[in-house]
Enquirer: 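Structure in structure tokens, see below.
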Protein chains: 2
Amino acid sequence: MERGVEPYEGDPALPGGFLNNVEEGILAAAHRELREEADLDASRLHLEQLGAYGEPGRDPRGRVVSVAYLAIAPGLPEPVAGTDAAGAFWTPVEEVLSGRLKLAFDHQQIVADGVERARAKLEHSALAAAFCAETFTIAELQKVYEAVWGVQLDPRNFYRKVQGVPGFIVPAGAERRTTKGRPARLFRAGPRTVLHPPLVRPDTPMTNEVDQ
Amino acid sequence: MERGVEPYEGDPALPGGFLNNVEEGILAAAHRELREEADLDASRLHLEQLGAYGEPGRDPRGRVVSVAYLAIAPGLPEPVAGTDAAGAFWTPVEEVLSGRLKLAFDHQQIVADGVERARAKLEHSALAAAFCAETFTIAELQKVYEAVWGVQLDPRNFYRKVQGVPGFIVPAGAERRTTKGRPARLFRAGPRTVLHPPLVRPDTPMTNEVDQ
DNA sequence: GCAAAAGTGTTATCGATACACCCATGA
DNA sequence: TCATGGGTGTATCGATAACACTTTTGC
């Protein structure tokens, strides 16, 4: 969102806000803020807790403890600015990770943590299928993995690997004919949500971490 | 701890409490509570955030948001009951996971989450070495893994696997002679804290999860 | 010598990768 | 027929796991 109030008025930031009445849980509050601030609804929306951020100095108003949530969903509409927001827009994560788009508070760090979580999530969960239409080809599923991981995958090996996970995707019977090339078989999401074996992503460029 | 005040007075629970003044961060608060309630100090104590628990109904006093931390450290002393605590004691996690020892609030769930996190942590971090003395044998290191994972490992394969991780452990020169058997070489923790490749634990009994 | 624990070698197997190859379609 | 993308076969490599075997000690 583009913030409409101080602090950081006018700066881009993640949508969020304070807990409401004493009956509201933190997950419900995340849903509410997403709806209020960006008009994004809960249907087909996976919300997963990232963690709490509560070091002093992260908010000029004082020590504020925020619980961050990662939302994963396909085909989201354009966000609409709601309460306290001057604007709302999507941006590629690369803009934030590279530092070209600077966010308010410590939201830069929260985004970095969220992206890493999403990338790891694809390895062990069937969430990627949720980013495709009701039925989809294996090549389409591959594009989801490539987009999130930011890598290129071998179509032949991906094809079998994905079929080697029982219950991940099941044949949908039909085929899809595109303008060129052989028609592809269609699949739909299977019953499994945890992947055995996992789809491991290729080695990241080996950050040579020696600390923490 | 054994709780000394309402709610759940007399019941066992994790140590914890409320944030202090407005300058205190959540990590600092976790350290403080551990010191105040259990007299456990910060030296050689790894604290890592588990997550926030904030659903309504988890505390009879109302909607309370707790940020849970997992502490990992070797050779901890007997805990001492401090403020608001009637007692303090260690217990095997199995007592909690099995339900034989019932904890206050939703601390049962928090312990389950923490144990799972600790188990996963050993795969990718060099933390296990921190549970051994300054110098240690590979067999001693193996016992740490076996204790945390609750499995038996092949000493021969473990021996090489662990040496195959560059920078995990480095030879300490000397040997240790026990009452019986060949003396074992001694090692000390190496510079690496993230393990490449990871020490993967054997397959868990394949929980056939189909949801979430 | 014998038991016990440390350490080494060897082999079968599995999964990942790379890539040659065939298949089915539209133009 | 050719280009294009879909799909199959297969060899190589590295990591794992199982386990036979050797080494070094105390008794």
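Labels below follow one simple rule: chain letters A, B, ... track the order of the sequence lines, proteins then strands, and each chain is numbered from 1.
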Enquirer: Output yes when a side-chain donor or acceptor of R63(A) lies under 3.5 Å from a complementary backbone atom of E24(B), and no otherwise.
Expert: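 At least one qualifying donor-acceptor pair exists.
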
Enquirer: Please pick, from dG6(D), dT4(D), dT25(C), the nucleotide with the shortest atom-to-atom distance to any side-chain atom of K180(A).
Expert: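 Per side-chain heavy atoms of K180(A), the pick is dT4(D).
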
Enquirer: Could you state the atom-to-atom distance from CG of D154(B) to P of dC21(D) in whole Å?
Expert: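 Spelled out: CG on D154(B) to P on dC21(D) is 16 Å.
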
Enquirer: Round to a whole Å and report the spacing from CZ of R185(B) to P of dT24(D).
Expert: 11 Å

Enquirer: Quick one: does R119(B)'s side chain have a donor or acceptor within less than 3.5 Å of a partner on V148(B)'s backbone?
Expert: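 Checked: pair present.
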
Enquirer: So, OP1 or OP2 of dT8(D): does either fall under 4.0 Å of a side-chain N or O from Y159(A)?
Expert: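 So the side-chain polar atoms of Y159(A) do come within 4.0 Å of the phosphate oxygens OP1 or OP2 of dT8(D), strictly under.
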
Enquirer: Once you round to the nearest 0.5 Å, how far does CD of E123(A) lie from OH of Y145(A)?
Expert: 9.0 Å

Enquirer: Quickly work out the F158(B) CZ to dG7(C) C1' distance and round it to whole Å.
Expert: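 Atom-to-atom, F158(B) to dG7(C), this comes out as 14 Å.
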
Enquirer: Let me know which of V96(A), D106(A), L101(A) forms a side-chain contact (heavy atoms from CB on, under 4.5 Å) with V111(A).
Expert: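 So, applying the side-chain contact (heavy atoms from CB on, under 4.5 Å) to V111(A) and each of V96(A), D106(A), L101(A), only V96(A) qualifies.
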
Enquirer: dA16(C) P sits how many Å from L195(A) CG, rounded?
Expert: 12 Å

Enquirer: Would you kindly give the CG-to-P distance between L153(A) and dA16(C), to the nearest whole Å?
Expert: 13 Å

Enquirer: Is the shortest distance from a Lys or Arg side-chain nitrogen in E116(A) or R201(A) to a carboxylate oxygen in the other one below 4.0 Å?
Expert: yes

Enquirer: Starting from C1' on dT17(C), measure out to CD on Q152(A) and report it in whole angstrom.
Expert: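 Whole-Å distance recorded here is 15 Å.
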
Enquirer: Rounded to the nearest angstrom, tell me the gap between atom CZ in R156(B) and atom C1' in dA17(D).
Expert: 10 Å

Enquirer: Could you state the CZ-P distance from R176(A) to dG26(C), rounded to the nearest angstrom?
Expert: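 Value for this atom pair: 15 Å.
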
Enquirer: Could you run down the sub-3.5 Å N/O contacts of the protein with nucleotides 10-16 of chain D?
Expert:
{"residue": "dT10(D)", "atom": "O4", "partner": "R160(A)", "partner atom": "NH1", "Å": "3.3"}

Enquirer: Are D11(B) and F105(B) side-chain neighbours, meaning at least one heavy-atom pair lies under 4.5 Å?
Expert: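 Answer no - side chains too far apart.
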
